[in-house]
Amino acid sequence: MNAKNSIKLVDVEKAGKIKIDKKCSKCKKSICCVSINQKIPAPKTKEDFDHLLWQVSHDGINIFKDADGWFLYIETRCNHLLEGGVCGIYETRPWVCREYDSDFCELDESIEEASELFFSTHKKLEKYCKKRFKKWGKRFEIYD
Ligand code: SF4
Ligand code: SF4
């Protein structure tokens with residue numbers, strides 16, 4: 001699954017009571033509401049990967065590839081997520097939140113587990129680049 005950001009966490013009933021999805025109530029970290037995925041063009045050249053190295057060097061930025069392509073996986077908490085996993089704008093939450101299904105979600109399988117490639121650090125991505133490009137270490141020579 002991709003472009004998933006969040007899910008139906010709660011159902012705000014007319015009486016004002018909050019009914020929390022049973023499965024979500026066990027998901028103490030509200031996993032799907034504390035990150036966003038952003039699709040990116042598939043990196044091909046050394047320059048492309050060098051740019052990704054810069055991005056993954058920042059806190060909360062990860063990069064992954066799955067059957068749908070390449071994505072930034074950005075760890076960032078939604079401003080509408082309230083205590084207890086409650087969505088503060090449940091009635092008007094965005095489509096991506098409405099469409100996300102808790103039947104099989106990130107609680108069952110993390111993005112990292114579901115990905116073909118997953119890079120959480122500069123070191124891990126650099127290791128991959130060295131394998132992918134024979135002359136990776138000489139990529140700056142064109143600028144000298
Ligand atoms: S990751 Fe799954 S269980 Fe956790 S809040 Fe999202 S939909 Fe619910
Ligand atoms: S809007 Fe609500 S459901 Fe969507 S990510 Fe934020 S807290 Fe979660």
Side-chain angles (χ1 to χ4, degrees), residues 1-137 139-140 143:
M1 289 184 294
N2 278 307
K4 61 183 179 287
N5 293 22
S6 56
I7 191 172
K8 172 177 165 184
L9 285 182
V10 297
D11 183 12
V12 182
E13 297 174 333
K14 283 182 185 169
K17 292 178 185 171
I18 294 171
K19 178 179 151 195
I20 300 179
D21 178 300
K22 267 189 184 175
K23 187 174 176 183
C24 297
S25 68
K26 294 176 191 162
C27 183
K28 300 300 177 196
K29 294 181 181 171
S30 299
I31 301 169
C32 60
C33 295
V34 295
S35 67
I36 62 172
N37 297 336
Q38 180 64 52
K39 191 162 190 179
I40 56 174
K44 291 178 182 151
T45 66
K46 282 183 270 190
E47 288 76 16
D48 295 338
F49 278 95
D50 189 72
H51 191 73
L52 291 183
L53 275 172
W54 166 66
Q55 291 179 308
V56 80
S57 296
H58 291 73
D59 287 345
I61 303 293
N62 307 271
I63 295 155
F64 73 91
K65 177 184 184 290
D66 67 10
D68 294 321
W70 287 78
F71 294 80
L72 291 184
Y73 172 61
I74 305 167
E75 295 168 61
T76 178
R77 182 186 170 92
C78 178
N79 291 332
H80 304 297
L81 183 60
L82 306 178
E83 287 302 314
V86 175
C87 174
I89 56 164
Y90 183 78
E91 299 288 356
T92 57
R93 69 198 187 288
W95 275 115
V96 67
C97 307
R98 293 166 189 273
E99 289 177 339
Y100 193 52
D101 192 347
S102 66
D103 286 349
F104 186 79
C105 63
E106 288 177 65
L107 187 60
D108 304 299
E109 187 176 50
S110 70
I111 300 269
E112 183 167 5
E113 289 165 340
S115 302
E116 188 183 318
L117 296 169
F118 188 93
F119 307 106
S120 55
T121 64
H122 179 284
K123 192 174 178 182
K124 288 176 182 173
L125 180 57
E126 190 178 43
K127 189 176 172 188
Y128 173 81
C129 292
K130 283 177 180 171
K131 269 192 186 173
R132 180 163 173 153
F133 299 101
K134 282 182 185 168
K135 296 181 179 174
W136 175 254
R139 70 190 186 284
F140 300 124
Y143 302 112

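Counting starts at 1 for both ligands and their atoms, in listed order. On a predicted model such as this, the values are computed, not experimentally measured, just so you know.
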Side chain to side chain donor-acceptor pair (under 3.5 Å) against R77, all qualifying residues, sequence neighbours excluded: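 If we apply the side chain to side chain donor-acceptor pair (under 3.5 Å) test to R77, skipping adjacent residues, there are no hits.
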Counterpart residues, side chain to side chain donor-acceptor pair (under 3.5 Å), relative to K124 (two or more places apart):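 Testing K124 for side chain to side chain donor-acceptor pair (under 3.5 Å), a comparison that skips the adjacent residues, returns S120.
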Enumerated ligand 1 atoms positioned under 4.0 Å from heavy atoms of L107: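 Checking each atom against L107, I get 1 (S), 3 (S).
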Let me confirm one number: the [atom1]-[atom2] distance from [X] to [Y], rounded to the nearest 0.5 Å.
X	Y	atom1	atom2	result
K65	Y128	NZ	OH	7.5 Å
I31	D108	CD1	CG	9.0 Å
K46	F49	NZ	CZ	12.0 Å

N/O/S from C27 sitting under 2.8 Å away from atom 4 (Fe) of ligand 1: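 So C27 counts as coordinating atom 4 (Fe) of ligand 1, yes.
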Any N, O or S atom of C87 closer than 2.8 Å to atom 2 (Fe) of ligand 2: yes
The one among G88, C78, C97 that brings a heavy atom closest to atom 6 (Fe) of ligand 2: C78
Heavy-atom proximity to atom 8 (Fe) of ligand 2, best of S30, C24, C33: C33
For ligand 1, the portion of C105 having any non-hydrogen atom under 4.0 Å away: side chain
